[in-house]
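Only heavy atoms go into these numbers, but all of them, side chains included; no hydrogens, no water, no symmetry mates. Every chain is numbered from 1, with letters handed out A, B, ... down the list of sequences.
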There are 2 protein chains.
Amino acid sequence: MQDDEELEELVRENCACLRARMAARKLTRIYDKALKPTGLRITQFTLLIAVKDGRAKSVSALADLLAMERTTLLRNLKVLEEAGLVSSEPSGEGRALSLKLTASGKTRLHEALPHWQAAQRAVEAELGDDWPVAKSSLEQIIRGV
Amino acid sequence: MQDDEELEELVRENCACLRARMAARKLTRIYDKALKPTGLRITQFTLLIAVKDGRAKSVSALADLLAMERTTLLRNLKVLEEAGLVSSEPSGEGRALSLKLTASGKTRLHEALPHWQAAQRAVEAELGDDWPVAKSSLEQIIRGV
DNA sequence: CCTGGATTTGTGTAGGTACACTTTTTCCGG
DNA sequence: CCGGAAAAAGTGTACCTACACAAATCCAGG
């Protein structure tokens, strides 16, 4: 048991979770702003891409792929379904659902891609040579922890 | 169309925002779980520490310090006030509010510190020598972007 | 056939996030 | 002194996040 003041200082100077959340907030604002003209948010945008990709055979599998709690994904998908961008139907395998983009979803995704690219380029330019290092660090956290 | 496929691949393999959000989600689940017995979440915990520290002279200044949108911070503070852990009153300087921990807030923070430390140690152990690098990367994103 | 465990999807509740817009207060130049 | 710019706090709406709990479906052993 050490001094509380010291521990609090340690939290301020070292907390991995605080730092990750701060970084996520900053980046989310940047990407959301860039995607604004398309009416999509970065979460919805990446979700559309993950659904189109189709390598996840169920909502549960997709949640794992996105390091997202399953029920969170369910709520996020609901928004996209109500917007007519994604459709879901029984896949025939177990109780799993099959997800796919609607025509409207494909169009919106197509329109959004350049806006994403602009944000991504701005971020990479800002970070310069440190971006590959940062990317690798983030992926290690995602995989490892 | 083929161009789009390539861009979508780029999003999956490279998006800074997606990676930051995934990392934040993973870490948040770990820290929230560790803090569970205290009834605090990691956001509330770090907010208590930031308030106790007292180097922010207003809610707006505190928001900047935490890379958080001002109105988000307002809502998060409201939860802590209703829980009786934080109190706010006019500071006398401009329209700014003065924030401070209640006795109850100090107690809860004291109880939570060891739980935070356990989570932090686990994460640092998992990342090993890469933790300093990851930390530095996150801080660069927070500052730079 | 059928039951019990494993897998998957769904709901209730609660908190975290932020944009657009508004309201309140202060401060300062004329 | 006064009127407007600047700064700070507050509200409406909508979406993101996740735990606890429940319901539906499938599959293997009896």
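- Straight-line distance from the NZ atom of B:K57 to the C1' atom of D:dA9: 16 Å, rounded to whole Å.
- Rounded to whole angstrom, the span from the CG atom of A:L74 across to the C1' atom of D:dA18 amounts to 12 Å.
- The nearest whole Å value for the distance from the CG atom in A:L77 to the P atom in D:dC16 is 10 Å.
- Side-chain atoms of A:R143 and B:K26, non-hydrogen and from C-beta on, never get closer than 4.5 Å to each other.
- Between the CG atom of A:L62 and the P atom of C:dG10 there is a distance of 13 Å, rounded to whole Å.
- Following rounding to the nearest Å, B:L73 (CG) and D:dT11 (C1') show an atom-to-atom distance of 16 Å.
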Atom pairs under 3.5 Å: protein N/O with N/O of nucleotides 19-22 of chain C:
{"from": "C:dC19", "atom 1": "N4", "to": "B:T71", "atom 2": "OG1", "distance (Å)": "3.0"}

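- Checked against C:dG16, D:dA9, D:dA18, the side chain of B:S60 finds its nearest nucleotide in D:dA9.
- In this structure, B:L35 atom CG and C:dG15 atom P are separated by 15 Å, rounded to whole Å.
- Remark: A:R21, A:R25 in residues 12-25 of chain A come within less than 4.0 Å of DNA chain C through at least one heavy atom.
- By the rule that hydrophobic residues join a cluster once side-chain heavy atoms approach within less than 4.5 Å of another member, A:L138 and A:V133 end up as members of separate clusters.
- Put simply, the residue from B:H115, B:R121, B:Q120 that forms a side-chain contact (heavy atoms from CB on, under 4.5 Å) with B:Q117 is B:R121.
- Across the interface with DNA chain D, nearest-nucleotide mapping of B:K26 and B:K78 shows B:K78 to be the residue nearer the 5′ end.
- Counting only residues at least two apart or on different chains, the side-chain hydrogen bond (donor to acceptor under 3.5 Å, both in side chains) pairs with a member in residues 127-138 of chain B are A:N14-B:K135, A:Q140-B:D130, B:E124-B:W131.
- Taking only side-chain nitrogens and oxygens, B:N76 comes nearer than 4.0 Å to OP1 or OP2 of C:dT17.
- Aromatic ring pairs are classed by plane angle as parallel below 30°, tilted from 30° to 60° and perpendicular above 60°; the pair A:W116 and A:F45 is parallel.
- Taking the charged nitrogens against the carboxylate oxygens, B:R29 and A:E69 have no contact shorter than 4.0 Å, which rules out a salt bridge.
- Enclosure of atom NZ in B:K106 is not indicated, since only 12 or fewer non-hydrogen atoms of other residues, nucleotides or ligands lie within 6.0 angstrom.
- Side-chain atoms of A:V51 and A:L77, non-hydrogen and from C-beta on, do get closer than 4.5 Å to each other.
- Remark: P of C:dA14 and CD of B:Q44 are 13 Å apart, rounded to the nearest angstrom.
- As rounded to whole Å, 13 Å separates atom C1' of C:dT17 from atom CG of B:L66.
- Contact annotation: the side chain of A:L74 never approaches that of A:K78 to less than 4.5 Å [non-hydrogen atoms, C-beta and beyond].
- Nearest-nucleotide mapping onto DNA chain C: of A:A61 and B:V79, the residue sitting toward the 5' end is A:A61.
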